[in-house]
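What you are looking at is a predicted structure, and each value in this text was computed from that prediction instead of being measured. The basis for the numbers below is simple: all heavy atoms, side chains too, and nothing from hydrogens, waters or symmetry mates.
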Amino acid sequence: MKDVVKIRGLKSGLQLLFDKTAPFDAIKDAILEKLTTGDKFFIRGTTVFIDKNNFSAEEIEQLRRLFHRHGMLFSENLPVTKPKFSPPPAPPAPVVEQQVEKEKVKPTLVVNRTLRGGQEVRTESSVLVFGNVNPGAQIIAGGSIDIRGTCRGMVHAGAFGDQTACIVADKLRPIQIRIADLIARPPDNMKSAVQAERASIKNGYIVFEPILR
C-alpha cells in the first residue's frame, strides 16, 4: 500500500512529502495518526515543512493548527539550500621546500558521567561518554559519538555535515538519531544487544549494525 505521507529529514527539521493523488482528508488523517501513535520523528519543538503549492489556504491553516496542537512548529515555505561556493584555484606552491601542514584535529571531548534528562553536550569535536545517555538528554557533535553504556536520548553526530561520522554504544536505543542531515530511529523489532552497536550512513541511509569493540 502506498504511503500517503512520507518524511524527509532536513538539517532544520522535517519535510513532509505527500501522495498527490490522495484527497486532503486522507492526508490529514495520516498525519494525525503519526502524531497520536507516538511516531518518534515528531518530537515537540521540531519544525515541519510542507510545500504550500500542494494545498489551499484553508487546508494550510488546518495543518498549521493540527501541528501546533501537538507542539510542533510549522512552515509552509521550504528552506532554501545555499549553493556551495567554489573558491578560485590556488597558485602553485614554489618548489623550494615542501612543507606539509598537518591538519588541525580537534581533541575528543570525554564525558566521565551519565547524562540525565535535560542535560546537553554540544561540541564541534567527537564525544566519548563513559556512562549512559538517558531519555531527555542529548549530544550534538561535529564528529563521531562513542557511548560506553546505553543510549536512550537524542544523539546527533556529524552535526556540521560530516557524513563519515558514526554513533557507537554498548546498547543503542535513542529516541532519535541524526548523522549529518539524515534522521532515523532504531527499528521497533531490533533485538536486545549482546554486543556493541553502530549507526552510520551507507548508500544514503542510516544503518544499524552490531560491532566488536
Task: Hydrophobic cluster membership, Ile183 vs Phe160, 4.5 Å side-chain cutoff - done: no
TODO: Please answer whether the main-chain N or O of Cys166 pairs with a side-chain N or O of Ser200 as donor and acceptor at a distance below 3.5 Å.
DONE: no
Task: Expected output: side-chain Glu59 to main-chain Ser56 donor-acceptor under 3.5 Å - done: yes
TODO: Would you name the heavy atoms of Val4 and Ala30 that are closest together and state the gap between them?
DONE: CB-CB, 4.2 Å
Open item on the list: Side chains of Val133 and Ile139, heavy atoms from C-beta outward: is any pair under 4.5 Å?
Closed with: yes
Task: Side chain to side chain, Arg65 and Leu63, heavy atoms closer than 4.5 Å - done: no
Open item on the list: Treating Asn132 as the side-chain partner and Asn134 as the backbone partner, does any N or O pair qualify as donor plus acceptor under 3.5 Å?
Closed with: no
Open item on the list: Treating Gln195 as the side-chain partner and Ile211 as the backbone partner, does any N or O pair qualify as donor plus acceptor under 3.5 Å?
Closed with: yes
Task: In one Ile/Leu/Val/Met/Phe/Trp/Tyr side-chain cluster, 4.5 Å: Ile60, Val48 - done: yes
Task: Point-to-point distance, once rounded to the nearest 0.5 Å, from CG of Asp146 to CZ of Phe130 - done: 7.5 Å
Open item on the list: I need the minimum non-hydrogen distance between Val5 and Ile27, along with the two atoms involved.
Closed with: CG2-O, 4.0 Å
TODO: Spell out, yes or no, whether Ile206 and Ile167 are grouped together once hydrophobic residues are joined by side-chain heavy atoms under 4.5 Å, including indirect joins.
DONE: yes
Task: Side-chain heavy-atom pair Phe24, Asn54 within 4.5 angstrom cut-off - done: no
- [ ] Check the hydrophobic clustering (I, L, V, M, F, W, Y; side-chain heavy atoms under 4.5 Å; chains of links allowed) and say if Val168 and Leu109 are grouped together.
- [x] no
Task: Where Val155 and Pro174 come nearest, the two heavy atoms and their spacing - done: CG2-CB, 4.1 Å
- [ ] Locate the shortest heavy-atom distance separating Ala199 from Ile177; write the atom from each residue and the value.
- [x] CB-CD1, 3.5 Å
Task: From Leu16 atom CG to Ile50 atom CD1, the distance as rounded to the nearest 0.5 Å - done: 7.5 Å
- [ ] Examine Ile145 and Val111 and state if one hydrophobic cluster contains both, with Ile, Leu, Val, Met, Phe, Trp and Tyr joined whenever side-chain heavy atoms are less than 4.5 Å apart.
- [x] yes
Open item on the list: Using modelled atom types and a 3.5 Å cut-off, is there a donor and acceptor pairing between side-chain atoms of Ser125 and backbone atoms of Thr108?
Closed with: no
Task: Minimum side-chain heavy-atom gap Ile31-Leu66 below 4.5 Å - done: yes
- [ ] Check whether any side-chain N or O of Gln119 sits under 3.5 Å from a backbone N or O of Arg116 as a donor-acceptor pair, and report yes or no.
- [x] yes
Open item on the list: Run Gln62 and Arg64 through side chain to side chain donor-acceptor pair (under 3.5 Å) and show every step you take.
Closed with: CA-CA 5 Å; Gln62 289 187 45; Arg64 185 190 307 278; over 6 Å; no
Open item on the list: I'd like to check Pro135 versus Ile175 (side-chain heavy atoms, cut-off strictly below 4.5 Å). Are they in contact?
Closed with: yes
Task: Shortest non-hydrogen contact from Val127 toward Ala141 - done: CG2-CB, 3.8 Å
Open item on the list: Could you tell me if the side chain of Thr47 sits less than 4.5 Å from the side chain of Phe49, heavy atoms only?
Closed with: yes
Task: OG on Ser75 to NZ on Lys52, rounded to 0.5 Å - done: 9.0 Å
Task: His156 vs Gln176 side-chain heavy atoms within contact, under 4.5 Å - done: no
Task: Spacing of CE belonging to Met154 relative to CD belonging to Gln138, to within rounding of 0.5 Å - done: 4.0 Å
Task: Polar side-chain atom of Glu197 near backbone of Leu172 as donor-acceptor pair, under 3.5 Å - done: yes
TODO: Mind checking the CZ-CZ spacing from Arg173 to Phe208? Nearest 0.5 Å is all I need.
DONE: 9.0 Å
- [ ] Go through the steps for Ile201 and Leu182 under the test side chain to side chain contact (heavy atoms under 4.5 Å, CB included), then give the verdict.
- [x] CA-CA 8 Å; Ile201 295 178; Leu182 299 181; 3.8 Å; yes
Open item on the list: Please give me the minimum heavy-atom distance between Ser144 and Ala157, naming the atom from each residue.
Closed with: CA-CB, 4.3 Å
